[in-house]
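Below is one structure, written out as structure tokens; the observations come after it.
Positions are given from 1 along the sequence. Note: hydrogens, waters and symmetry copies are ignored here, and every other heavy atom, side chains too, is used. Because the structure is predicted, anything quoted here is derived from the model rather than measured.
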Amino acid sequence: MKTLLGLVLTALLLGFAAPGMADTYTQLTLPALNVRIQTWTGGGAYDPIFPSTQTWNGVPFTFAEDASGNQVWMGNMDVPVNVFGATKAYTIMNSAFGAFGSVNGSIEFFGSGDGYYEMDLTQGINIRDH
């Protein structure tokens with residue numbers, strides 16, 4: 001899995017569902033954090049969620065803070081997952097800036113064989129400006 005082009009990515013979960021069963025989640029921890037988001041314009045709004053676990057639409061996300069106070073990653077990142085059989089991916093991410101309709105990057109999933117999926121992240125559609 002890979003994200004491209006200056007994204008802030010705070011959490012990622014892969015979802016699995018068997019027929020007749022509720023979703024189960026495999027939470028992935030980002031390999032590094034490099035930005036303290038509270039230093040951004042209006043960043044104080046993030047104070048209550050770092051560090052914590054939040055649940056949105058039934059999906060749990062854990063928000064971490066490293067020893068330097070960084071909470072998010074900004075930039076390109078490869079996240080090796082080594083998880084097979086995922087049918088859904090849930091992310092919490094936003095762009096640092098952008099104009100409505102512009103593509104701010106993409107997220108790619110690489111599976112075995114011909115398994116590949118890419119989704120563009122379009123400002124105002126499936127990603128928002130911080």
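- A 4.5 Å side-chain heavy-atom check between E118 and I107 finds every atom pair outside the cut-off.
- Side-chain N or O atoms of Q71 include one that pairs as donor or acceptor with a backbone N or O of I37 at under 3.5 Å.
- Of the inter-residue distances, the one linking I127 atom CD1 with T122 atom OG1 reads 9.0 Å to the nearest 0.5 angstrom.
- Under the 30°/60° scheme for interplanar angles, the aromatic rings of W56 and F63 are found to stand perpendicular.
- The shortest heavy-atom contact between P60 and T55 is CA-OG1, 3.9 Å.
- Contact detail for A64 and F50: the closest heavy-atom pair is O-CD2, 3.4 Å.
- Taking every heavy atom of both residues into account, M77 and A32 meet most closely at CE-O, 3.6 Å.
- Centroid-to-centroid, the aromatic rings of F110 and Y117 stay 6.0 Å apart or farther.
- Remark: the backbone N or O of S102 is not paired with any side-chain donor or acceptor of D120 at under 3.5 angstrom.
- Considering only heavy atoms from C-beta on, V35 stays 4.5 Å or farther from W73 through its side chain.
- Distance check: I49 CD1 to I92 CD1 gives 8.5 Å after rounding to the nearest 0.5 Å.
- Linking Ile, Leu, Val, Met, Phe, Trp and Tyr residues whenever their side-chain heavy atoms come within less than 4.5 Å leaves V103 and I125 in two separate clusters.
- Using a distance-only test at 3.5 Å, with no hydrogens or angles considered, no donor-acceptor pair links the side chain of R128 to the main chain of N94.
- Here the side chains of F109 and V81 are not in contact, with every heavy-atom distance at 4.5 Å or above.
- Side chains of N126 and L121 form a contact here, defined as non-hydrogen atoms less than 4.5 Å apart.
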Side chain to side chain donor-acceptor pair (under 3.5 Å), that's the test. Do S52 and Q54 meet it? Break it down for me. CA-CA 6 Å; S52 72; Q54 304 288 324; 2.8 Å; yes

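- Summarising the geometry, atom CG belonging to D129 is positioned 5.5 Å from atom CD belonging to Q123; distances are rounded to the nearest 0.5 Å.
- Proximity of R36 to E65: side-chain heavy atoms (C-beta onward) are separated by under 4.5 Å at one or more points.
- With N34 contributing its side chain and M74 its backbone, the two residues share a donor-acceptor pair below 3.5 Å.
- Under the 4.5 Å side-chain criterion, counting only non-hydrogen atoms from C-beta, W40 is not in contact with Y46.
- For the pair N70 (side chain) and D66 (backbone), a donor-acceptor distance under 3.5 Å is absent.
- Between F61 atom CZ and T53 atom OG1 the span is 11.5 Å, to the nearest 0.5 Å.
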